[in-house]
Amino acid sequence: MQGYFETGFPDIVDLTKLFTKQYPNVTWKIREDPFAVITQDAPLVMSSPNPPDLMRAPQISGLVKDHLIKNMDGYYKTFGWSKFPASDLAQLRVAPSGSPQGIGPLWAMGINYSMTGVFYNKAYAKKIGMTKPPATLAQLDADLAKAKAKGLLPVEQFNSAGNGGLIFPLQDLMADYNIKQYGSVANINKWVFDQPHATFNTPANLAATEHLDTWIKKGYFNSDANAVSYSTMMGRFEHGQGVFIFDGDWESGNFDTNFPGKYGFFLFPAITAGGKQAAMSAPLTYLIPAAAKHANCAAFFLNWVETNPAARALNVKEGGSNPGGPSSLPIPAVKPGTVTAQTLAAGKVVAADDGAMGFIANATGSIDAEGLTPAVQKLLGGQTTPSGVLQAVQSAYQQELSAP
Amino acid sequence: MNDLTRPSGAPHGAGAPRSHKERGAPRPRKGRGVPNRYWAFVAPALLAYAGFVLWPIVQTVRYSFYNWDGISTLQGAGLSNYRTVFTNGQLLGVIGHAFVLILYFSVIPIVLGLAVATAMRRFVSAKMSAVARVVLFLPQVVPLVAAGIAWNWMLSTTGAVDQILQKVGLGSLAHSWLGDFSTALPSVGIIGAWVLLGLCIVLLLAGMTKIESSLYEAAQLDGAGPLREFLSVTLPSIRQEIGVCVTVTVIAALSAFDIVYISTQGGPGNATMVPGLEIYQLAFYNRQMGLASALAVVLMVLVLVCILPIQWYVRRGSGDR
């Protein structure tokens with residue numbers, strides 16, 4: 001089996017090792033690349049004479065359009081994936097023409113259903129008098145202000161080109177204001193799934209971007225965020241810089257293993273106490289290229305990851321996220337009080353509130369590089385307005401979707 | 001012919017034409033063309049050039065008239081990709097950035113190179129000069145990716161540049177050089193200047209060593225000071241080398257990619273986006289091969305438009321010498 005995976009996710013590599021232990025007749029040859037490299041190389045790799053059997057690909061609509069991915073509807077029937085929560089698989093469905101997403105055949109499977117939120121440094125939280133996670137957006141605003149007043153950096157943020165991390169708090173705020181104005185995050189998901197007439201330029205998104213702009217103007221982010229990559233941000237946060245980071249549960253395992261008891265996690269708070277909460281909740285997408293030589297084996301592996309108890313336990317321990325699979329299977333137990341326990345509990349809240357959102361950076365193949373990241377970099381640098389951000393992103397989105 | 005009338009002992013102009021007889025090369029016989037054995041020598045290089053340079057250029061020009069995502073079938077687009085290049089404000093801005101980089105990639109290394117090479121020729125011993133040449137040429141040897149990473153570290157808020165500024169009491173100037181909209185492009189330019197400075201110094205110094213010392217002695221006897229010597233003897237004598245420096249550095253500025261990709265990836269916003277990187281993004285992120293090809297053709301023409309007059313001017317001047 002040939003695997004092409006994303007750098008920085010050791011769980012998938014360890015899963016292949018565990019699989020080989022259980023099925024010694026299957027061996028793996030694995031290549032790893034960063035997210036940006038996989039995104040740009042995916043079409044070329046998949047159309048090559050010798051494509052991998054299983055690969056990570058964050059954005060699948062363009063690949064579907066070019067007939068590069070194996071349709072998984074057959075495996076869906078064979079392995080009984082109808083027992084999986086339909087919402088888990090929705091983001092993996094795309095119309096055969098490549099648009100819209102969320103409906104149509106199944107083209108990929110998630111290994112870990114990641115979710116975003118806010119990590120915080122417990123020692124600093126104590127310093128600013130944050131005894132429990134903020135219950136409302138106003139409380140989070142107050143905690144950020146207290147951190148600033150205490151001389152601490154409120155948020156350590158990455159936002160370099162190719163790593164537009166300001167999108168994380170932006171989408172969190174968008175969720176809050178969408179829930180406030182429209183009662184749900186459906187409009188955001190419509191946009192992410194390229195549904196007809198979906199627009200980024202809505203009053204709720206404008207309010208969210210304006211809120212983010214106030215955080216920027218109040219100096220809550222590190223001034224060099226536009227030159228800070230994800231790995232630099234993580235290094236700094238782990239070395240005690242920043243009270244909060246906006247990130248995802250893929251770091252839970254890292255915090256539990258390397259910094260036990262030092263960090264906590266909470267879901268981005270709602271505008272009103274007890275209100276619905278939402279989070280970007282995207283599966284780490286793995287697909288089988290149409291020309292893969294061992295497609296059946298790859299599909300068997302995907303099913304095994306989601307259903308085998310040992311695989312699910314490893315997945316939760318290292319991936320720190322919901323392992324997916326049939327609703328009837330329990331989520332493997334984790335040590336209470338750990339960051340992983342907090343993120344898994346948060347996942348239940350999001351599911352109950354129907355607050356799962358696709359990641360806006362995955363809406364189209366180049367929306368992150370061409371639309372979102374330049375726009376939020378300009379917002380951080382004071383080069384554009386909140387309304388300018390929305391217009392620029394929507395324009396890049398329409399341009400890409402209307403391209404022949 | 002110039003050669004017959006030139007006083008004995010006068011040096012050849014580097015570009016001065018010389019007869020076949022003088023060069024000792026056999027003249028091809030009339031009517032028989034170039035002998036086959038000559039083609040045998042040329043063929044390997046010619047094939048490589050045709051396969052890896054000419055054919056890709058032809059293909060790029062071809063793709064520029066289509067809409068294509070790199071995988072599916074080609075769709076004719078006429079001149080629409082070129083219209084986009086010349087009417088899209090962002091793409092025009094990107095071309096503008098390339099011209100700003102000429103200031104840093106060409107003007108600074110050549111002006112500084114002239115100053116350093118002159119100082120080395122006049123004041124530095126032969127041994128020291130050799131050491132200095134090696135040290136100054138090192139940036140040219142370092143892979144651009146490594147240079148980009150090193151400069152990225154140095155220009156970060158915790159890097160050497162800000163630390164030095166703080167040590168000398170200029171802490172108020174310290175900031176994120178590559179993350180700030182106003183300093184990102186100049187910072188990228190400085191990295192390019194650092195890379196190209198050594199090459200310019202070595203080229204210019206090589207040119208200066210060819211100048212006969214009698215010319216300087218004559219100028220000194222006529223009462224010329226260092227500045228007059230430089231303007232009347234040094235500069236005209238290294239016209240060819242300056243021409244090479246301008247050509248190489250202008251091409252480096254217009255087709256910059258590695259340094260920008262490693263240090264800023266075109267950000268923040270599009271503040272450091274250059275044509276080379278935009279072509280790459282259009283082709284491999286946006287999967288708009290046609291538009292990327294059109295921009296590549298425009299860039300190639302732009303490079304030729306900038307370089308050919310420089311070459312013509314330098315060659316004409318050499319002929320006059």
Side-chain angles (χ1 to χ4, degrees), chain A residues 36-37 39-44 46-48 59 62-63 65-68 98 157-164 166 222-229 232 235-236 239 241 364-371 373-384 388-389 392 395-396 399-400 403-404, chain B residues 66-77 80-81 84 88-90 93 149 151-153 155-159 162 174-184 187-188 260-273 277-278 280-291:
Chain A
V37 176
T39 306
Q40 83 186 24
D41 284 359
L44 299 175
M46 294 173 73
S47 60
S48 72
Q59 215 286 332
L63 304 172
K65 188 179 162 190
D66 286 334
H67 314 292
L68 294 171
Q157 185 63 54
F158 72 105
N159 202 42
S160 63
N163 282 274
L166 209 60
N222 42 312
S223 61
D224 62 348
N226 273 346
V228 171
S229 66
T232 303
R236 288 181 179 181
H239 283 87
Q241 199 166 311
T364 66
S366 65
I367 193 66
D368 189 19
E370 290 288 309
T373 294
V376 292
Q377 282 193 320
K378 284 179 184 172
L379 189 70
L380 191 75
Q383 303 288 311
T384 189
V389 169
S395 164
Q399 199 179 334
E400 189 176 351
Chain B
Y66 290 94
N67 287 323
W68 187 43
D69 65 3
I71 302 291
S72 56
T73 48
L74 299 163
Q75 290 174 9
S80 67
N81 287 324
T84 305
N88 183 311
Q90 186 185 320
I149 292 170
W151 274 95
N152 226 341
W153 290 339
L155 293 169
S156 74
T157 47
T158 52
D162 279 0
H175 72 298
S176 173
W177 297 91
L178 292 169
D180 187 303
F181 279 81
S182 58
T183 55
S187 299
V188 168
V260 183
Y261 181 75
I262 295 299
S263 57
T264 62
Q265 290 194 25
N270 292 309
T272 59
M273 187 59 78
L277 188 55
E278 184 71 46
Y280 170 77
Q281 288 211 344
L282 285 171
F284 297 109
Y285 280 94
N286 295 22
R287 299 175 64 196
Q288 292 177 276
M289 297 293 174
L291 184 56

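Computed from a predicted model, the values in this text were never measured in an experiment. Residue numbering restarts at 1 for every chain, and letters A, B, ... go by the order of the sequence lines.
- When heavy atoms are compared at a cutoff of 4.5 Å, B:Phe181 approaches chain A solely by way of its side chain, counted from C-beta outward.
- Atom OG1 of A:Thr39 and atom CZ of B:Phe284 lie 14.0 Å apart (nearest 0.5 Å).
- Considering CG of A:Leu63 and CZ of B:Arg287, their distance stands at 6.0 Å, rounded to 0.5 Å.
- The greatest number of non-hydrogen atom pairs below 4.5 Å with chain A, out of B:Ser176, B:Gly269, B:Gly267, B:Gly179, is found for B:Gly269.
- Residues A:Gln377 and B:Asn270 fail the side-chain proximity criterion, which asks for heavy atoms closer than 4.5 Å.
- The greatest number of non-hydrogen atom pairs below 4.5 Å with chain B, out of A:Gly62, A:Gly381, A:Pro43, is found for A:Pro43.
- The OG1 atom of B:Thr157 sits 4.5 Å away from the CZ atom of A:Arg236 when rounded to the nearest 0.5 Å.
- No part of B:Ser156 comes within reach of chain A, as not one of its non-hydrogen atoms sits under 4.5 angstrom from that chain.
- Rounded to the nearest 0.5 Å, atoms CD (B:Gln288) and CD (A:Glu400) are 7.5 Å apart.
- Looking at A:Ile367, neither its backbone nor its side chain comes within 4.5 Å of chain B, counting heavy atoms on both sides.
- The OG atom of A:Ser223 lies 9.0 Å from the NE2 atom of B:His175; values are rounded to the nearest 0.5 Å.
- Side-chain contact check for B:Ile71 versus A:Met46: every heavy-atom pair is 4.5 Å or farther apart.
- One distance of note links NZ of A:Lys65 with CG of B:Asp69; it measures 6.0 Å at 0.5 Å rounding.
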